Number of protein chains: 2
Amino acid sequence: MSNEKGPDHSRRKERSRQAIFAATRALVVEEAYEKVTVEAIAARAGVGKQTIYRRWPSKSAVVFAALLALSEDADGQSVALPDTGDLEADLKLVMRATAEEFADPSFDRLIRALNTEIANDAALAAEYREKLARPLEEAKKARLRGAQEAGQLAADADLDLVLDVLYAPLFQRWLHRSGPLTAAYADSLVDATLRAFRP
Amino acid sequence: MSNEKGPDHSRRKERSRQAIFAATRALVVEEAYEKVTVEAIAARAGVGKQTIYRRWPSKSAVVFAALLALSEDADGQSVALPDTGDLEADLKLVMRATAEEFADPSFDRLIRALNTEIANDAALAAEYREKLARPLEEAKKARLRGAQEAGQLAADADLDLVLDVLYAPLFQRWLHRSGPLTAAYADSLVDATLRAFRP
DNA sequence: CTCGCAATACGGATCGTCTCGTTTAGTCGA
DNA sequence: TCGACTAAACGAGACGATCCGTATTGCGAG
């Protein structure tokens, strides 16, 4: 007798959870963000509103969780940057790929929604940093540490600063739509960063 | 006979316009942003809702216009960076001042609201770039051009890129609350940028 | 039979529209 | 010069629609 826990409702729960996430993502991608409503999510997921509010306290939390889960699934456990030994080539590869990601309309809408939520909620912002930003940063910093040991990067460089200088311009250009995210732009960011922090 | 234009109702218009802007700014500063409603703005400004909707198509547009007007007033016509001939000192002065501005809670809320609006509306983003970002950028680029001529900056440097590398990390750190905006951080951004683009 | 869930009704709040008297600025006649 | 007249703009707020978050109900799986 499983008197410890109730019977196995976890599968049912998990199914509706995934349905809610899928519906949320679909709506964020295809509708104007302000039209993404809890009622629309529930209808599309084929669940009752109460099932959503039973698990998350607000619409923001649902959207955030859906996007967070997306990245967690995608990443799996293995977040690692390429390491061919050629720092410049590796970084340009990664930066070009990042620029392309941002150029994808679906990705654009998803990340824009995510940024909207975390820009106005310090608690969500902290959770975002903890669960998404930090692991990615650690992976990037691991690659940079290797470069420092190989003498391709200043040994005393502040790696947080290096990452800021490398990524923030791309992010800002995307967020403010102040220019196209071309491969050339990605390359020039890598070049500038490497000049700033060369040994 | 002024058959060209109707009678001069501009004073009345202008008074309510300023009242609406003042009320909007006050509410953005002191309330959580989602509590800034058109009804609250109208009540505080002592105007009818229709007076607001007669001039702007949506709440977003009102908020945006109020914040835009704030900066336009503040700037006046003279946007110019200090130019003592010492590029590094001038930039550190400006970057430290910028970091302090972002640390001010009122300024923080105003700019956060502004960014929320423009992140999800490409038209507002374009207007923002045109009316606010561009003039500031031009002033900054004018200072950098002087530095290029004085041989303090690489003559072939892309000034848009220089500005991105200089400012974007500060902006992103503020937006994502990923770290404190200290004078030391401001200085290190100037140092990194000057290393990346030295002659 | 029992229990969790989908469906849906509900109250509260806000948006954006509409209507209604009132105020205001400009016009004109005495 | 001055006080009524007119038309536009206005403050106030009622209204329908929509959405949030809560509470209730009826059904179907186990």
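Bear in mind that the values here come from a model prediction, so they are computed numbers and not experimental data. Order of the sequence lines sets the chain letters (A, B, ...), proteins ahead of strands, with each chain counted from 1.
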Donor-acceptor contacts, no H, no angles, side chain residues 98-105 of chain B, under 3.5 Å, sequence neighbours left out:
residue	atom	partner	partner atom	Å
B:T98	OG1	B:V94	O	2.8
B:D104	OD2	B:F107	N	3.1

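Sequence neighbours left out, the pairs with a member in residues 163-172 of chain A that pass side chain to side chain donor-acceptor pair (under 3.5 Å) are A:D164-B:Y185. Legend: salt bridge (Lys or Arg N to Asp or Glu O under 4.0 Å) pairs involving residues 18-34 of chain A, not counting sequence neighbours, sorted by first then second residue: A:E30-A:R44. Evaluation of the side chain to side chain donor-acceptor pair (under 3.5 Å) test over residues 189-199 of chain A, restricted to residues two or more places apart or in two chains, returns A:K92-A:D191. For the ring-ring contact (aromatic ring centres under 6.0 Å, His included) condition, the pairs that include at least one residue of residues 24-71 of chain B, sequence neighbours left out, are B:F21-B:W56.
When the side chain to side chain donor-acceptor pair (under 3.5 Å) test is applied to A:E149, no partner is found at least two apart in sequence or on another chain. With sequence neighbours left out, the side-chain contact (heavy atoms from CB on, under 4.5 Å) criterion links B:R55 to B:K13, B:S16, B:R17, B:T51.
To the nearest 0.5 Å, atom CG of residue A:L163 and atom CD of residue A:E137 are 6.0 Å apart.
As a whole-Å value, the separation of B:I20 CD1 from D:dC10 P is 8 Å.
Near DNA chain D, meaning a heavy atom under 4.0 Å from it, residues 31-41 of chain B has no residue at all. Residues of residues 48-57 of chain B having a heavy atom closer than 4.0 Å to DNA chain C, listed by number: B:K49, B:Q50, B:Y53.
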